[in-house]
*Asks:* 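Before anything else, here's the structure in question.
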Amino acid sequence: MQLRVTSSKHTMESPEAEASAHSERKDDTTASTSSASGRGEDGSKKPKKRTKPTGVKAKKHKKARVSRPAGPGYTVHQGEDMLLVISSSTSQYDGSAWNPPKKSGKRKKLNKVKVKANQTKKKKSVRAMTKRANKPVATEREESNLFVPQKASDHRWGESLPEEVLISIFQMVVVQDGAVPFLCRVGQVCRLWNAAASSAVLWRKVTVGHCWIAPGKSQLPKTEKKIKDTFNWLAQNRFSQLRDFSLCHWSKNVPFAVEIVSQFCPHLRALKLSYCTGLTATAFHTLALHGRSLESINLQYSEFQVEGLLEYLENHGSQIKQIWFTHGSKNDRLLNAITRGNCPDLELLEVNTKLDSKGCELPICIRALQIACPKLKTFRMLNVRPLHKMMRNGADSTAGFPLMEELCIATTSYSSMTDKDLMDILFGSTRLRVLDLRGCSRITPSGLSTLPCLELECLFWGQYFSSNVGLPSPKKGLHMVTQKWSRTLQQLDIANQLFTEEDLEMAMSHLVHSTEADALRSLNLSGTRITPRALRPVIRQVTALSYLNLSSCRYFARGLKRIYRGQEDIRQLLDKFE
């Protein structure tokens, strides 16, 4: 804001200058008329004129009303890289209307005008100066009002955001924290937030846990009715585009929840029940009637009627591509149903149990599973030891698992799997990327080097026994493993593998001299006989290494036996070596 002065004769004065000029002219007028003593030419008294009291302030000029601009006109469309572009259709944001005025500019310019007014106060009349001064002051106030920011009560940013932008913000929160109960809470803020929270895009993946009552406590009839009514309302009004549904830690109303989701969610693809109890065969029957798009079933650590699931797989197993379940005396019947060919398009199979479980053995016929599930890509048996069975009347010639990308046979106890057993599973798996053999101490480096996969990225071969099994003897041949996959290996775990110092040094040299030395990102050498001499070239040349575990390494000083995270932390290890 700048105040313009038209000429040196017409400058603006301050109120103090006007008051002083007015008092001086009043004294001159009193002196010139004192001889008259208030009489006229004929000596008669003239009526006295009414004068304003000195203490009464003059009327202030009303501020000009400034009409607030109308709501912003804009259009929202999606640009590149999933960005929302907001383009204005009007020019009301031109200029600097959104920038607050400078605090010191106005005061400095008023002081300059005040000095000029004091220098020229005797050259002008009071009325003329008042007229000239009021005009720029009014203009100044009128223009300054444009720069005053609006109060929070007048303008709420949350109610003026475009709905598309608000949905994008909610979607980022939903990805991190889930849709429930976040969307239920923000939908009560205002109408705009309610409309944004009701968008079907935000309700495609929903996880319902302890929303009403803590686990282990009994439910009152009123609480149970409230839960059912709320869940029913959500299914009818929010779950129209639901794709992935998870129910956690429910001991009651599990069949009710599964049936409601099956009826009102025609696009449901994945169903997960974690630590739930009471799933009946009726719920599986309802799922079979309405869940035509279901492809994934996850029943880990949950209790359910196995007969109902077996019947479902016999009739609708052809549409299932992913199955998770926990090892148990009854649940193991599911694996027999799968090997009989009830799920020909199965791509993921995982059987697990708790880490503190002991003696978990699962009889399995690998050859029958290869024939029944030729499209299997991921096969995991977590803390479950497979017992290989032979086929009675099956064909001998099979292609194995030609699409296998991940095999996990990890256990905390001793595993009896041999090189032959591993080759029976992976003899046709040329696309294998991840191999987890933790606990398989009978697997040898020569057996790994003969596998048909040439682009292995992750090898987990550490030994994590819950109890010591005999006295292990030193091993040799690790250099054959690193030489075979030095070009593609990104994660290597050989914790507690007692290879010799010379063999470890030779194995590390293959990782360093590879043409793709920057591929390695994680290296676990905990409990091994690795030496600083063998590790020094790895740290120098493998620049992508961001995780290094040297805990319990006997050839390192006590302060160096720890886990290193980040490239900078690993680089500082070189100085400590010297």
*Asks:* Heavy-atom count check: over 12 atoms from other residues, nucleotides or ligands less than 6.0 Å from Q241 CD?
*Replies:* yes
*Asks:* Could you check L294, D244, V261 and say which one makes a side-chain contact (heavy atoms from CB on, under 4.5 Å) with L271?
*Replies:* L294
*Asks:* Are E406 and R380 ion-paired here, with the side-chain N under 4.0 Å from a carboxylate O?
*Replies:* yes
*Asks:* Tell me whether the guanidinium CZ or amine NZ of R562 lies under 6.0 angstrom from the six-membered ring centre of Y564 and within 45° of its axis.
*Replies:* yes
*Asks:* Please determine, by modelled atom types, if S526 and S551 share a side-chain donor-acceptor pair under 3.5 angstrom.
*Replies:* yes
*Asks:* Compute the centroid of each ring, for W193 and then for F170, and state whether the two points are separated by less than 6.0 Å.
*Replies:* yes
*Asks:* Check this for me, if you would: do E455 and R433 make a salt bridge, where the nitrogen-to-carboxylate-oxygen distance has to be below 4.0 angstrom?
*Replies:* yes
*Asks:* Salt bridge or not for D345 and K321, using N-O below 4.0 Å?
*Replies:* no
*Asks:* So which heavy atom on C184 is nearest to which on W203, and how close?
*Replies:* SG-CH2, 4.1 Å
*Asks:* Taking CD in E303 as the centre, count heavy atoms belonging to other residues, nucleotides or ligands within less than 6.0 Å. Is the count above 12?
*Replies:* no
*Asks:* How far apart are the closest heavy atoms of A197 and V186, and which atoms are they?
*Replies:* CB-CG2, 4.0 Å
*Asks:* Can you confirm whether H267 is buried at NE2, in the sense that more than 12 heavy atoms of other residues, nucleotides or ligands lie under 6.0 Å from that atom?
*Replies:* yes
*Asks:* Does any part of the side chain of I323, heavy atoms only, come nearer than 4.5 Å to the side chain of C343, both counted from C-beta?
*Replies:* yes
*Asks:* Do we get K228 above F256's six-membered ring, with its NZ or CZ under 6.0 Å from the centre and within 45° of the axis?
*Replies:* yes
*Asks:* Are more than 12 heavy atoms from other residues, nucleotides or ligands located less than 6.0 Å from atom CZ of R185?
*Replies:* no
*Asks:* Between E347 and K375, is there a salt bridge with N-O shorter than 4.0 Å?
*Replies:* no
*Asks:* Do I563 and Y547 come within less than 4.5 Å of each other through their side chains, counting heavy atoms only?
*Replies:* yes
*Asks:* Apply side-chain hydrogen bond (donor to acceptor under 3.5 Å, both in side chains) to R238 and S198, showing your working.
*Replies:* CA-CA 7 Å; R238 295 292 185 268; S198 303; 3.0 Å; yes
*Asks:* Y464 and side-chain contact (heavy atoms from CB on, under 4.5 Å): which single residue from D493, T412, T411 fits?
*Replies:* D493
*Asks:* Tell me if the centroids of the rings in Y301 and Y275 come within less than 6.0 Å of each other.
*Replies:* yes
*Asks:* Tell me the closest heavy-atom pair linking S415 and C440, and the distance in Å.
*Replies:* OG-SG, 3.9 Å
